[in-house]
Amino acid sequence: MIDTAALRTEQLASASRVVREDAMPFDQPTLIAGADVGFEQGGAITRAALVLLRYPSLSLVEYRIARIATTMPYIPGFLSFREYPALLAAWQQLRQKPDLLFVDGHGLSHPRRLGVASHFGLLVDVPTIGVAKRRLCGHAEPLEDAVGSRRPLLDKGEQIGWVWRSKARCNPLFVSTGHRVGLDSALLWVSRCMKGYRLPEPTRWADAVASRRPAFQRWLAQHPAQDEGGAG
DNA sequence: GCGACAG
DNA sequence: ATCTTGTCGC
């Protein structure tokens, strides 16, 4: 069994250390990363993908994949404990570290203010932003249809994130502080990494690599085996 | 008690 | 998340 009471206590202690304001050690980022996790063999294997994109061209320059045995089931509110071991393994394989990292999931917009984006950012001490496709907690006023429409995501009297329409006729994204990136900056950086799709490029590429999408297969074909390009 | 519930 | 075909809409 899993002692969720102990995990809650651990999260609350860690959450108090999350930096919610801008404390990014760069003027303009050179490398922005994206992280995503997938599962194999009915969930027995956790597969994490990390991609590095050059900014502002947003071209893929490196990717790493880590596969390890799954140690935790999925429990809403405790996603980070299930995913961070694999993310850490992929992170350690990177030749270069990014200035900023987009994590697939929530950051501040979490019941105890420590979603996977915040938790991982704290662990590796890097600025992170949480980009989630669905709501975990909190509420927002109805969002307008126009691209770029936004509403603060509120919970217990405080803003914990943004509900943002990244693309027309698509469900909105939930953007929040991960670590060292303020809420407004988080949305600003996500908007700067868009290329016409629902998801920002770092997240989109991480998903493409993790799920071996055709787009990634084509990229591989055009980028001949560079030993430091990376498979895992 | 009942519904909600990242990936 | 993952298992999976076609299908509706822009």
Side-chain angles (χ1 to χ4, degrees), chain A residues 2 4 7-8 10-11 14-15 18 34-51 65-90 101-123 128-140 145-147 153-156 159-179 181 183 186-187 190 196-200 202-214:
Chain A
I2 291 159
T4 52
L7 295 184
R8 275 193 193 89
E10 184 178 331
Q11 285 186 326
S14 297
V18 168
D36 191 22
V37 174
F39 297 87
E40 303 172 12
Q41 298 171 30
I45 301 292
T46 300
R47 179 183 54 227
L50 269 177
V51 296
I65 296 173
R67 299 170 70 255
I68 66 175
T70 301
T71 58
M72 282 260 302
Y74 166 65
I75 303 173
F78 299 102
L79 179 67
S80 65
F81 294 100
R82 175 173 166 81
E83 304 195 334
Y84 86 71
L87 287 172
L88 212 44
L101 171 66
F102 286 27
V103 178
D104 186 0
H106 289 91
L108 232 199
S109 43
H110 173 279
R112 291 168 297 284
R113 309 295 182 259
L114 195 84
V116 63
S118 299
H119 202 161
F120 190 71
L122 211 48
L123 284 174
T128 60
I129 294 173
V131 179
K133 293 180 281 300
R134 295 172 21 173
R135 183 190 73 95
L136 173 59
C137 68
H139 297 281
D145 293 337
V147 176
L153 181 60
L154 308 169
D155 187 43
K156 296 174 181 174
Q159 183 181 0
I160 57 176
W162 287 106
V163 179
W164 183 59
R165 178 140 280 142
S166 59
K167 185 179 179 180
R169 297 173 304 281
C170 285
N171 292 323
L173 258 26
F174 295 80
V175 178
S176 68
T177 291
H179 184 51
V181 184
L183 283 174
L187 186 55
V190 170
Y197 298 93
R198 182 194 178 207
L199 300 174
T203 304
R204 208 168 71 84
W205 273 109
D207 178 73
V209 172
S211 302
R212 297 153 178 162
R213 310 273 187 217

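Proteins get letters first, then strands, A, B, ... in listed order; numbering begins at 1 in each.
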Participant: Please report the shortest heavy-atom distance between A:Arg135 and A:Gly138, naming the atom on each side.
Facilitator: NH1-O, 2.6 Å
Participant: What heavy-atom pair brings A:Arg198 and A:Ser166 nearest, and what distance separates the two atoms?
Facilitator: O-OG, 2.7 Å
Participant: Please report, rounded to the nearest Å, how far the P atom of C:dA1 is from the CZ atom of A:Arg67.
Facilitator: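 One finds 18 Å between P of C:dA1 and CZ of A:Arg67, rounded.
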Participant: In this structure, which stretches of DNA chain B are paired as stems of three or more consecutive Watson-Crick or G-U pairs, both distances less than 3.5 Å?
Facilitator: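 So the stems come out as none.
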Participant: Round to a whole Å and report the spacing from CD of A:Gln41 to P of C:dA1.
Facilitator: 18 Å
Participant: With a 4.0 angstrom cut-off to heavy atoms of chain A, pull out the first and last contacting nucleotide of DNA chain B, in 5'-to-3' order.
Facilitator: B:dA4 to B:dG7
Participant: So A:Phe81, base contact, sugar-phosphate only, or nothing? Heavy-atom distance under 4.0 Å.
Facilitator: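 Touches nothing.
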Participant: Write down the atom of A:Leu108, the atom of A:Ile160, and the distance for their closest heavy-atom approach.
Facilitator: CB-O, 3.6 Å
Participant: Search all heavy atoms of A:Asp104 against all heavy atoms of A:Val116 and return the closest pair with its distance.
Facilitator: O-CG1, 4.0 Å
Participant: Where does the angle between the aromatic ring planes of A:His119 and A:Phe81 fall among parallel (under 30°), tilted (30 to 60°) and perpendicular (over 60°)?
Facilitator: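 Geometry flag for A:Phe81 against A:His119: perpendicular rings.
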Participant: Is A:Arg112 close enough and on-axis enough to A:Phe78, meaning under 6.0 Å and within 45°, for cation-pi?
Facilitator: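 Yes.
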Participant: Looking at A:Arg113 and A:Asp155, is there a salt bridge between them, counting it only when a charged N and a carboxylate O are closer than 4.0 Å?
Facilitator: yes
Participant: For the pair A:Thr128 (side chain) and A:Leu101 (backbone), establish whether a donor and an acceptor sit closer than 3.5 Å, ignoring hydrogens and angles.
Facilitator: no
Participant: What is the distance, to the nearest angstrom, from the CG atom on A:Asp104 to the P atom on C:dA1?
Facilitator: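 Rounded to whole Å, this separation is 7 Å.
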Participant: With a non-hydrogen cut-off below 4.0 angstrom, is A:Gly130 in contact with a base, only sugar-phosphate, or nothing?
Facilitator: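 If one applies the 4.0 Å heavy-atom cut-off, A:Gly130 turns out to touch nothing in the nucleic acid.
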Participant: Starting at the 5' end of DNA chain C, what dot-bracket string do you get if Watson-Crick and G-U pairs under 3.5 Å are bracketed, crossing pairs use [ ], other-strand pairs use | and unpaired bases use dots?
Facilitator: ..........
Participant: Separation of A:Asp36 atom CG from C:dA1 atom P, in whole Å?
Facilitator: 7 Å
Participant: Should A:Trp162 and A:Leu173 be marked as a side chain to side chain contact (heavy atoms under 4.5 Å, CB included) after you check the CA-CA gap, both sets of side-chain angles, and the distance that decides it?
Facilitator: CA-CA 8 Å; A:Trp162 287 106; A:Leu173 258 26; over 6 Å; no
Participant: Round to a whole Å and report the spacing from NZ of A:Lys133 to P of C:dT2.
Facilitator: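 In whole Å, C:dT2 P and A:Lys133 NZ are 10 Å from each other.
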Participant: Base, sugar-phosphate or nothing for A:Phe39? Non-hydrogen atoms, less than 4.0 Å.
Facilitator: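 The residue A:Phe39 makes sugar-phosphate contact but no base contact.
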Participant: Between A:Asn171 and A:Arg165, which heavy-atom pair has the shortest distance, and what is it?
Facilitator: CA-NH2, 4.5 Å
Participant: Heavy atoms only: give me the nearest A:Ser118-A:Gly178 pair and the separation to one decimal.
Facilitator: OG-O, 2.7 Å
Participant: Let me spell it out: for each of A:Gly38 and A:Arg169, pick the nucleotide of DNA chain C with the closest heavy atom. Which residue's pick is nearer the 5' end?
Facilitator: A:Gly38
